[in-house]
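Before any comments, here is the structure.
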Amino acid sequence: MNKICTGAEEAIRDIPDGAVLMLGGFGLCGIPENCISALVKKRVTGLTCISNNAGVDDFGIGLMLMQQQVKKMISSYVGENAEFERQLLSGELEVELIPQGTLATRCMAAGYGMPAIFTPAGVGTEVATGKETRRFNGKDYLLEYAFEADFAIVKAWKGDTMGNLIYKDTARNFNPLMAMAGKITIAEVEELVPAGELDPNMIHTPGIYVHRIFQGKDYEKRIEQRTVLSKK
Amino acid sequence: MNKICTGAEEAIRDIPDGAVLMLGGFGLCGIPENCISALVKKRVTGLTCISNNAGVDDFGIGLMLMQQQVKKMISSYVGENAEFERQLLSGELEVELIPQGTLATRCMAAGYGMPAIFTPAGVGTEVATGKETRRFNGKDYLLEYAFEADFAIVKAWKGDTMGNLIYKDTARNFNPLMAMAGKITIAEVEELVPAGELDPNMIHTPGIYVHRIFQGKDYEKRIEQRTVLSKK
Amino acid sequence: MAIDKNQIAQRIARELKDGYYVNLGIGIPTLVANYIPAGINVVLQSENGLLGMGPFPEAGKEDPDLINAGKQTITTIPGSSFFDSAMSFGMIRAGKVDLTVLGAMEVSDTGDIANWKIPGKMVKGMGGAMDLVASAKNIIVAMMHTNPKGESKLLPACSLPLTGVRCVKKVLTDLALMDITDEGFLLLERAPGVSVDEIQAKTAGRLVVRGEIPEMVFG
Amino acid sequence: MAIDKNQIAQRIARELKDGYYVNLGIGIPTLVANYIPAGINVVLQSENGLLGMGPFPEAGKEDPDLINAGKQTITTIPGSSFFDSAMSFGMIRAGKVDLTVLGAMEVSDTGDIANWKIPGKMVKGMGGAMDLVASAKNIIVAMMHTNPKGESKLLPACSLPLTGVRCVKKVLTDLALMDITDEGFLLLERAPGVSVDEIQAKTAGRLVVRGEIPEMVFG
């Protein structure tokens, strides 16, 4: 059992054109920077990307958009990205917008072997178009299907050689959910430690869900909205 | 905001006859010993208990069965309990047996606001009787409804004054799931600490799900099947 | 005179009760955190995975791994907890959050809300708004009474694509505080010096005025 | 001669591949852990919430908070992880567990399994068995070929209430190793000294015998 890769290039080596990818992160927080760089370098194209956001013009998934590697984005919020907007309006890029909780739960459903879930998000709105609605206890819910991806690419804070992952603060977000939903799950971590060094009670993603792991490098961790207390 | 109780008596003070309770634990591991003792002392009756197991004759939920406080058990496995068997065969006790994963997921569904889930467990068996079956991707699933309880009673290792909980080892089991599913959730913990002492990255049950908390005492933690390595 | 966004936040803060778990949307709702009354403890939820959001960090102490749903750098309070996005929306969907405050482009007199899309303009997405409005037990909308063109944002029916249906319970604008009832917007309070006639004139949906309407008081 | 339960465990252990995640049921399946071949790393899942189950503890080192699905005190290996029962059955349901080994009272020649209930006797419950058999990619049943009365447990159809339908892939008994195929039980190996005729006589379901059937070899 060897899950360890030397780096992002090896970890993403077999991602083909046209693959369906999940990419963890919320905004620019907790995104798999190393794998995104490697995908940009590899110039794999025709990708469907399931990710809560689409990065900004010069960081995150924005870097892949810049090279027109993405055919379709499935996201909940895609603002703050001029090139994205241009491709969308020109018809080069397909976009499916879904509520954030629905996105999260559809990933979790795949990891839990549940083919579909019920959520009230979007009932009575255009999101409900063409979807099955069902009433439980007097409230309407939409039937939403589990999301699966050929590759799920996530970023964690610490990981071990068995693939166990721990996330830090709000960089957790979609990462543990997508980690469960990949046919192949690739994890990049800030610190890779030998099996046995992480407290088994504190594992967020058990290694069974992780197929490849490597210690990333040169994390920029860009801040999108730097806000500080104003001086009194 | 004060969630802290002086002990089990105060925490369970308003549990009425006929209430629907969830009780955490797997076998005798991770069961809310203090609350069970208090329920036995209070002699509240006509209870419906959702718990993976029913304890043994002289420990756990078995103590409540001994006093005929339980009207109905909803469990996945109820062996190892002679008084339980007697009451079941005499018709004094109603029992609903459901697959363990279904039980767990129905609790989680309540905590996640999902009215129902799909699971393949029990398809083609007597468990499927009267239930809706639905095919997704060529596989059949049962529609199973979320479980809610008037009171969920759980046991954790550590807790803080905000109601955040951390469990230890396999004593976690059903506890975090049931903690999410109670209209009122009561947590007994081995160690209660001030808010801020637990690492916010390592919380298993966020305090929003917990209404009452207290530091339990005199834990027996009985072992059901003591097994050790045979000496070579 | 119409109240400003800080006064809107201040007035909403009075709706908070001790022990509330509260989700504050981006914009004016975020300001509510600055006006939590003394003696009241509330826990702020950020739907990207945090309970117990604290104030912005001091300059130099920003942590890129610690942001709120508006992607702003933040801090945590003692007793906070982090979790993934499924659990975050799980607790929202299960009704564990006591109060949700968010902005809107339009609200109807039956409680429909539109706040995510303007057809013909660039669509940014609904983020977590549809989940929040579909599940929150108690939703207060904080917004201007009229749009920049002077048109009412309180309508008989929303003209923009909906975010949620029959979900808003209360609306606070720069002019008035209203409950949403079966009869429409029930006027509860006026901004200081704003007349009922002005509120009536700027409310396109059904407005119910019953008896004397008190003015909001700001200390 | 029929093989004993340790030999059954030993033979099943040869089905393990490096990197497998394995769920071992109560009884004979538990013994498989004692025969994991050298050079092969497998991770044992215990459905009460553990990946990386280790051997029983030394006397005096039992921890009541650390048990397996059979409620036995156990230990963990380095790199183990604990999780709740929903995630545990989630990973089972999602097919992340590579191999499940469990006992049975009856198996049909179409792969149905009955192992939880005998009508008229005290019913203890299915525990996690129905979840496991409904979702596992690869299920091996380990059991005796006949019941204490000498009746075949390999049947055209189960007579007892089912645990799962068309799910078993392989059966290993004290007499034989068989695949379950569209044609029925396909005989793969015989216990040392046990004849095909004996296996045939003790198999009530369809048995397919094709060519020479090798004997199992134990080192």
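So that the names make sense, note that chain A is the first sequence line, chain B the second, and so on, each numbered from 1.
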For this session: Count the heavy-atom pairs under 4.5 Å between each of Val127(A), Thr125(A), Asp140(A) and chain C, then report the option with the highest count.
Result: Thr125(A)
Exercise. Take atom NZ in Lys221(A); do more than 12 heavy atoms of anything else shown fall under 6.0 Å from it?
Worked result: yes
Exercise. Looking at Phe26(A), is Lys71(C) sitting on its ring face, NZ or CZ under 6.0 Å from the six-membered ring centre and within 45 degrees of the normal?
Worked result: yes
For this session: Among the options His204(A), Glu224(A), Gln100(A), pick out the one with the most heavy-atom pairs lying under 4.5 Å from chain C.
Result: Gln100(A)
Seminar exercise, completed: Under 4.5 Å to a heavy atom of chain A? For Val133(C) that would be neither
Problem set entry | Taking every non-hydrogen atom, the tightest pair across Ile3(C) and Met216(C) | CD1-SD, 3.8 Å
For this session: Against chain C, label Asn53(A) side chain, backbone, both or neither, depending on which of its atoms sit under 4.5 Å from a heavy atom there.
Result: side chain
Exercise. Looking at Phe59(A), is Arg222(A) sitting on its ring face, NZ or CZ under 6.0 Å from the six-membered ring centre and within 45 degrees of the normal?
Worked result: yes
Seminar exercise, completed: Counting heavy-atom pairs under 4.5 Å with chain C, the top scorer among Glu80(A), Glu85(A), Met108(A) is Glu85(A)
For this session: Sort Asp112(C) into side chain, backbone, both or neither according to what part of it lies under 4.5 angstrom from a heavy atom of chain A.
Result: neither
Exercise. Going by atom types only, do Tyr167(A) and Asn173(A) share a side-chain donor-acceptor pair under 3.5 Å?
Worked result: no
For this session: Before accepting this row, confirm whether a basic side-chain N of the pair Glu148(A)/Lys183(A) lies closer than 4.0 Å to the acidic partner's carboxylate O.
Result: no
Exercise. So which of Lys117(C), Arg93(C), Glu47(C), Glu58(C) has the largest heavy-atom pair count under 4.5 angstrom toward chain A?
Worked result: Arg93(C)
For this session: Against chain C, work out which of Ile223(A), Leu177(A), Val78(A) has the most heavy-atom pairs shorter than 4.5 Å and name it.
Result: Leu177(A)
Seminar exercise, completed: Of Leu97(A), Asn175(A), Thr227(A), Val228(A), the largest count of non-hydrogen pairs under 4.5 angstrom with chain C goes to Thr227(A)
Exercise. Of the backbone (N, CA, C, O) and the side chain (C-beta and beyond), which part of Phe89(C) lies under 4.5 Å from a heavy atom of chain A, both, or neither?
Worked result: side chain
Problem set entry | Greater than 12 external heavy atoms within 6.0 Å of Glu94(A)'s CD | no
Problem set entry | Partner chain A: residue of Thr75(C), Leu162(C), Asp131(C) with the largest heavy-atom pair count (under 4.5 Å) | Asp131(C)
Exercise. Checking heavy atoms, do the side chain of Ile98(A), its backbone, both or neither come under 4.5 Å from chain C?
Worked result: backbone
Exercise. So does Arg14(C) have more than 12 non-hydrogen atoms from other groups sitting under 6.0 Å from CZ?
Worked result: yes
Seminar exercise, completed: OG (Ser135(C)) and NZ (Lys139(A)) are apart, to the nearest 0.5 Å, by 5.0 Å
Problem set entry | Region of Phe84(A) that comes under 4.5 Å of a non-hydrogen atom in chain C | side chain
Exercise. Any idea which of Pro57(C), Ser80(C), Gly128(C) has the most non-hydrogen atom pairs under 4.5 angstrom with chain A?
Worked result: Pro57(C)
Seminar exercise, completed: Turns out that what part of Lys61(C) lies under 4.5 Å from chain A's heavy atoms comes down to neither
Problem set entry | chain C contact via Glu190(A) - side chain, backbone, both or neither, heavy atoms under 4.5 Å | side chain
Exercise. Heavy-atom count around Lys137(C) NZ within 6.0 Å, excluding the residue itself: above 12?
Worked result: yes
For this session: Would you kindly say whether Asn48(C) and Ser46(C) are connected by a side-chain donor-acceptor distance under 3.5 Å?
Result: yes
For this session: Measure distances from Ser81(C) to the heavy atoms of chain A and classify the residue's part below 4.5 Å as side chain, backbone, both or neither.
Result: neither
For this session: Look at Val123(A), Asn81(A), Asp169(A), Thr105(A) and state which one has the largest set of heavy-atom pairs under 4.5 Å with chain C.
Result: Asp169(A)
